[in-house]
Amino acid sequence: MTLRLPFATALSAIVLTLAPAAQAADYPSRPITLIVPFAAGGPTDVVARTLGAELSKELGQPIVVENRTGAGGTLAAAYVANAEPDGYTYLIHHNGMATATALYSNLKFDPLKSYAYVGEVVDVPMTLLGRKNLPPANMAEFIEYARANADKINLANAGPGAVSQLCGSLLQQALGVKFTTIPYQGTGPAMAALLGEQVDVLCDQTTQTIPHIAAGNVKFYGVTTQERISKLPDAPTLEEQGLKGFEVKVWHGIYAPAGTPPAAVSRFNSALKTALKSPAFTGKMADLGAEIVSEDRQTPESLQKWVKSEIDKWTPVLKAEGMNVN
Ligand code: ASP
């Protein structure tokens with residue numbers, strides 16, 4: 001007995017020391033879940049599924065995209081923050097990772113502590129749309145119409161923490177109006193409501209809106225970036241149409257729960273870098289107006305720094321707006 005115990009202890013120490021290496025070599029040995037904080041069919045979902053197909057080729061395992069919606073993306077962020085840090089659960093998120101702390105006082109995650117960062121993915125412009133039969137034909141008319149009819153206008157969004165909400169709030173603030181807000185579980189369903197003319201206005205990423213703009217299914221009033229975008233060269237920015245300083249650009253990053261083995265994060269990151277160069281991903285993103293981030297931004301360090309800088313940028317703006325939701 002006295003002899004066996006130290007042996008068992010020594011053996012388990014050896015097993016423990018060997019375990020991480022064995023894990024790194026085998027990783028990934030089963031399907032990986034990629035959590036999307038918004039509804040299927042929407043713009044974040046499109047990026048996730050297109051990327052997931054390429055990641056899966058690279059990693060040799062299926063990437064199962066799972067939509068966990070609610071509370072402007074914060075439920076999904078909390079889910080991943082508290083998931084098993086074993087390298088099999090990841091989150092793709094956008095600016096909401098950095099705006100949530102100013103909007104919610106009872107978050108179940110900390111954007112600066114709860115994650116192992118993987119890297120940034122794409123930047124996506126937004127577009128301001130109206131339903132097809134909304135009277136204003138252009139932005140100048142929209143501004144006039146919005147000021148005269150604000151109490152009749154319904155603005156769809158994906159809840160506080162969503163970029164559609166951020167964009168819509170900045171728009172109302174710029175115009176000095178208050179619309180009625182209708183939140184959805186993502187802008188996939190919000191777009192369906194706009195197409196069905198159940199809501200009047202939606203601000204959404206080009207990764208969803210370009211095909212609808214091209215088909216003439218919606219009124220299109222402008223892009224939310226500071227510069228015009230190459231995919232829609234004739235579309236003026238909101239800034240050049242009178243909304244001085246107006247800018248919302250969506251960025252997407254990938255996160256794992258804090259404590260995920262560094263070897264897994266690094267393997268996932270190298271698959272990400274390869275996926276971001278694949279013709280299937282770059283082609284589809286180009287068609288949808290999204291821009292793959294430069295290589296120096298495809299890193300954990302860059303994403304970590306970016307989240308911090310975006311928190312510093314948006315917190316004072318959102319607090320000044322009194323946009324805290326609880
Ligand atoms: N575009 C959405 C947002 O407003 C989210 C989505 O459905 O992708 O945050």
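Note that ligands are numbered from 1 as they come in the structure, with each ligand's atoms numbered from 1 the same way.
For residues 69-93, the set of pairs meeting the ring pair (Phe, Tyr, Trp, His ring centres under 6.0 Å) definition, not counting sequence neighbours, comprises Tyr27-Tyr88, Tyr90-Phe268.
Between the side chains of Thr127 and Thr209, at least one donor N or O lies within less than 3.5 Å of an accepting N or O.
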Could you go through Glu66 and Arg68, starting from their C-alpha distance and side-chain angles, then the distance that decides it, and tell me whether this counts as salt bridge (charged side-chain N to carboxylate O under 4.0 Å, His left out)?
CA-CA 6 Å; Glu66 197 177 301; Arg68 284 194 168 253; 2.8 Å; yes

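Considering only heavy atoms from C-beta on, Thr237 stays 4.5 Å or farther from Thr224 through its side chain. Residues Leu155 and Ile182 have side chains not in contact (no heavy-atom distance under 4.5 Å, counting atoms from C-beta outward).
Residues of the protein with a heavy atom under 4.0 Å from ligand 1 are Phe38, Pro43, Thr44, His94, Ala158, Ala162, Val163, Ser164, Gly186, Thr187, Asp204, Gln205, listed by chain and number.
Between Asp123 and Arg297 there is a salt bridge, with a side-chain nitrogen of the basic residue lying less than 4.0 Å from a carboxylate oxygen of the acidic one.
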